[in-house]
Amino acid sequence: MEDHQIIIFDGICNFCNGAVNFIIERDSKGVFKFSPMQSEIAQELISKHQINEAGYDTFLLIKNEQCFVRTNAALEITKDLDGLWFMFRVLKIIPSVIRDFFYRLFARNRYNLFGKRSACMVPSKEVRDRFLT
């Protein structure tokens with residue numbers, strides 16, 4: 001797992017699942033692995049990296065044994081996506097306190113806006129090996 005970046009996401013959130021599918025479609029090198037927040041593996045990784053601020057509304061990226069949280073995670077992910085997504089890194093000029101304020105506002109309302117599933121997504125056969133189980 002050392003050569004992969006691990007994304008931890010809310011497995012029952014429709015928006016979050018859409019974000020995972022978006023990343024998979026733009027990750028032709030297969031850099032990213034995924035784990036729903038609700039899984040044992042995700043909880044072990046959160047504990048291992050001592051991420052005290054992680055909740056179901058928190059998007060995480062573990063890369064080179066470093067953990068990125070919320071908007072820092074999203075912007076770090078754009079570095080490795082196919083296409084011009086890396087250009088979104090210009091948003092790093094906005095302090096993370098401000099970016100994360102809007103992130104938290106959106107995260108609080110994501111179920112109302114996009115809905116949620118009763119259980120975590122089941123990946124298709126084509127991408128199953130990208131998910132940590």
Pairwise side-chain contact, Leu60 with Ile7, heavy-atom cut-off 4.5 Å (strictly under): no
Parallel, tilted or perpendicular: ring planes of Phe34 versus Phe32, cut at 30 and 60 degrees: tilted
Within-4.5 Å side-chain heavy-atom neighbours: Val90 and Met87: no
Polar side-chain atom of Asn72 near backbone of Phe68 as donor-acceptor pair, under 3.5 Å: no
Salt bridge present between Arg110 and Asp10 (N-O < 4.0 angstrom): yes
Atom pair OG1/CG of Thr78 and Leu91 - distance to nearest 0.5 Å: 8.5 Å
Considering all heavy atoms, the nearest Leu105-Asn109 contact: O-ND2, 2.8 Å
Ser47: side chain to side chain donor-acceptor pair (under 3.5 Å) partners, not counting sequence neighbours: none
Check: Lys48 and Gln43 side chains under 4.5 Å, non-hydrogen atoms: no
Heavy-atom side-chain proximity of Phe59 to Ile77 below 4.5 angstrom: yes
The single option from Gln5, Lys63, Gln66, Lys92 passing side-chain hydrogen bond (donor to acceptor under 3.5 Å, both in side chains) against Glu76: Lys63
Between CG on residue Leu81 and NZ on residue Lys29, distance to nearest 0.5 Å: 9.5 Å
Arg99 and Arg70, any side-chain heavy atoms less than 4.5 Å apart: no
Within one Ile-Leu-Val-Met-Phe-Trp-Tyr cluster: Leu84 and Ile93, side-chain cutoff 4.5 Å: no
Flag, side chain of Asp27 to backbone of Gly30, donor-acceptor distance under 3.5 Å: yes
Spacing of CZ belonging to Arg130 relative to CD1 belonging to Ile6, to within rounding of 0.5 Å: 12.5 Å
Asp57 vs Tyr103, side chain to side chain contact (heavy atoms under 4.5 Å, CB included): CA-CA, chis, key distance, verdict: CA-CA 9 Å; Asp57 63 342; Tyr103 173 96; 5.5 Å; no
Under 4.5 Å side-chain linkage, directly or through intermediates, the cluster mates of Leu113: Phe15, Phe106, Phe114
Any Ser35 side-chain heavy atom under 4.5 Å of Phe131 side chain: no
Distance under 6.0 Å and angle within 45° of ring axis: Lys116 vs Tyr111: yes
Straight-line distance of Ile23 CD1 to Asp82 CG, nearest 0.5 Å: 12.0 Å
Atom CZ of Phe86: over 12 foreign heavy atoms under 6.0 Å: yes
Straight-line distance of Leu45 CG to Met37 CE, nearest 0.5 Å: 10.5 Å
Side-chain heavy atoms of Val69 within contact of Cys67, under 4.5 Å: yes
Inter-residue atom distance Ile41.CD1 - Lys33.NZ, 0.5 Å rounding: 10.5 Å
Note, Thr71 side chain near Phe102 side chain (heavy atom, < 4.5 Å): no
Heavy-atom closest contact (Ile8 atom, Ala42 atom, distance): CG2-CB, 3.8 Å
